[in-house]
Peer 1: 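To start, I am sharing the structure in question, which I have written as C-alpha cells.
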Amino acid sequence: FDVPAISQACAMGLNGTACATNIWVTGGSVHNYLGADSNLYHCWYIEDSDNIIENAQCYNWNGGFGIHNYTQAGTANRNTYRNIWIHELGNAAWGVGAVLLTTGSNNVAYNILMTNVAEGGSIGGSCNNCAIYNSTVYRSGKYPADRIDHPEACCYAGLKIDSGAQNAQIRNSIIYD
C-alpha cells in the first residue's frame with residue numbers, strides 16, 4: 001500500500017507484527033517522533049516474513065531504529081528494504097541505528113541512504129544470510145552528538161556485522177565523515 005506520511009507519532013511508525021506477512025509499503029515517510037528518547041519505537045518494526053518497504057524515508061526520529069527487523073521467534077525472514085533515506089535519527093539516551101537486521105534469514109537492505117544517524121547499519125543476533133549493500137552512510141556516530149543538547153561524541157559504527165550473524169555480508173557501500 002502507498003503511505004503518504006505517518007507524522008508526529010508517539011510510538012511505532014509501522015509495526016509489522018507476527019502474522020503480518022506479504023506487506024508491500026512503497027513511498028511515503030515516517031517522521032517527527034514526539035515521545036521520549038528510547039530505543040523501542042521504530043519507524044519500521046518488522047517481525048514477520050516476506051515484506052517489502054521501498055521508496056520511503058524516516059526522519060526526525062529519536063524513538064528508536066529506522067528499520068528494525070526482529071522477532072523473538074526468529075522468523076522475520078526474506079524481508080527487503082530498498083531505496084530508503086533515513087536521516088536525523090538518534091538520541092542522547094541510546095545508540096540507535098538506521099538499519100538493524102537482527103533475526104531471521106535472507107533479509108536484505110540496499111540502496112539505503114543513512115545521514116546524520118547515531119549508528120548506520122548492522123547485522124547481528126541470529127540473522128543468517130542477511131546483507132546490507134549498495135548503501136551510503138554519511139555522518140554516522142556524530143548525530144546527535146553534534147547537537148547542543150548532547151555534547152559527548154560517541155563511537156558508533158557506520159556499518160557492522162555483530163557476532164552471532166552467520167554468512168552476513170556488507171558490500172559495495174560508502175561510509176563518509
Peer 1: What class does the angle between the rings of Tyr33 and Trp61 fall in, given that below 30° is parallel, 30 to 60° is tilted and above 60° is perpendicular?
Peer 2: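 It falls in the tilted class, 30° to 60°.
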Peer 1: Which residues pass the side-chain hydrogen bond (donor to acceptor under 3.5 Å, both in side chains) test with Asn107, not counting sequence neighbours?
Peer 2: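 Asn107 satisfies side-chain hydrogen bond (donor to acceptor under 3.5 Å, both in side chains) with Asn79 once adjacent residues are dropped.
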Peer 1: Tell me the ring pair (Phe, Tyr, Trp, His ring centres under 6.0 Å) pairs involving residues 100-127, sequence neighbours left out?
Peer 2: Tyr110-Tyr133
Peer 1: Partners of Tyr59 by ring pair (Phe, Tyr, Trp, His ring centres under 6.0 Å), sequence neighbours excluded?
Peer 2: His31, His87
Peer 1: Suppose the criterion is salt bridge (charged side-chain N to carboxylate O under 4.0 Å, His left out): which pairs have a residue in residues 121-132, not counting sequence neighbours?
Peer 2: none
Peer 1: What are the two closest heavy atoms between Ala76 and Thr71, and how far apart are they?
Peer 2: N-CG2, 3.6 Å
Peer 1: Rounded at 0.5 Å granularity, tell me how far CG in Asn111 sits from CG in Asn55.
Peer 2: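 The CG atom of Asn55 is 9.5 Å from CG of Asn111, to the nearest 0.5 Å.
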Peer 1: Is Ile67 linked to Tyr138 within one hydrophobic cluster, defined over Ile, Leu, Val, Met, Phe, Trp and Tyr using a side-chain heavy-atom separation of less than 4.5 Å?
Peer 2: no
Peer 1: Using side-chain contact (heavy atoms from CB on, under 4.5 Å) as the criterion, list what pairs up with Ile52, not counting sequence neighbours.
Peer 2: Trp24, Glu54, Thr80, Arg82
Peer 1: What residues form a side-chain hydrogen bond (donor to acceptor under 3.5 Å, both in side chains) with Thr102, not counting sequence neighbours?
Peer 2: none
Peer 1: Please report the shortest heavy-atom distance between Gly124 and Ala165, naming the atom on each side.
Peer 2: CA-CB, 4.0 Å
Peer 1: Would you name the heavy atoms of Ser140 and Ala157 that are closest together and state the gap between them?
Peer 2: OG-O, 3.1 Å
Peer 1: Of all the heavy-atom pairs spanning Gly66 and Cys43, show the shortest one and how long it is.
Peer 2: O-CB, 3.2 Å
Peer 1: Name all residues meeting the side-chain hydrogen bond (donor to acceptor under 3.5 Å, both in side chains) criterion together with Asn134; count only those two or more places apart in sequence or in a different chain, and write none if there are none.
Peer 2: none
Peer 1: Find the distance between OG1 (Thr136) and CH2 (Trp85) and round it off to the nearest 0.5 Å.
Peer 2: 12.5 Å
Peer 1: What are the two closest heavy atoms between Ala109 and Ser135, and how far apart are they?
Peer 2: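 That would be O-OG, 4.2 Å.
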Peer 1: Drop me the distance from His68's NE2 to Ile46's CD1, to the nearest 0.5 angstrom.
Peer 2: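 These two atoms lie 11.0 Å from each other.
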Peer 1: Do any pairs count as a salt bridge (charged side-chain N to carboxylate O under 4.0 Å, His left out) and have a residue in residues 67-81, sequence neighbours left out, and if so which ones?
Peer 2: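 Non-adjacent pairs meeting salt bridge (charged side-chain N to carboxylate O under 4.0 Å, His left out): Asp50-Arg78.
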Peer 1: Using modelled atom types only, decide if a donor and an acceptor are shared between the side chain of Ser49 and the backbone of Thr75 within a distance under 3.5 Å.
Peer 2: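 At least one qualifying donor-acceptor pair exists.
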Peer 1: Heavy-atom distance under 4.5 Å between the side chains of Trp44 and Ile84, does that happen here?
Peer 2: yes
Peer 1: Quick check for you: to the nearest 0.5 Å, what is the distance between Asp162 atom CG and Leu100 atom CG?
Peer 2: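 Result: 8.0 Å between the selected atoms.
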Peer 1: Out of curiosity, Ile112 CD1 to Cys58 SG, how far, rounded to the nearest 0.5 Å?
Peer 2: 11.0 Å
Peer 1: Among the clusters formed by ILVMFWY side chains lying less than 4.5 Å apart, do Ile23 and Val30 turn up in the same one?
Peer 2: yes
Peer 1: Can you tell me how far apart CZ (Arg139) and CG (Asn116) are? Round to the nearest 0.5 Å.
Peer 2: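 Arg139 atom CZ to Asn116 atom CG measures 5.0 Å (nearest 0.5 Å).
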Peer 1: Salt bridge (Lys or Arg N to Asp or Glu O under 4.0 Å) with Arg171: which residues, sequence neighbours excluded?
Peer 2: none
Peer 1: List for me each residue that meets side-chain contact (heavy atoms from CB on, under 4.5 Å) alongside Ser126, sequence neighbours excluded, and say none if there are none.
Peer 2: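 side-chain contact (heavy atoms from CB on, under 4.5 Å) check on Ser126 returns Thr103.
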Peer 1: Please identify each residue that fulfils side-chain contact (heavy atoms from CB on, under 4.5 Å) with Ile170, with sequence neighbours left out.
Peer 2: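 Residues passing side-chain contact (heavy atoms from CB on, under 4.5 Å) with Ile170: Ile123, Ile132, Leu159, Ile161.
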Peer 1: Taking all non-hydrogen atoms of both residues, which atom of Gly121 and which atom of Met114 are closest, and how far apart?
Peer 2: N-SD, 3.9 Å
Peer 1: What residues form a side-chain hydrogen bond (donor to acceptor under 3.5 Å, both in side chains) with Asn106, not counting sequence neighbours?
Peer 2: none
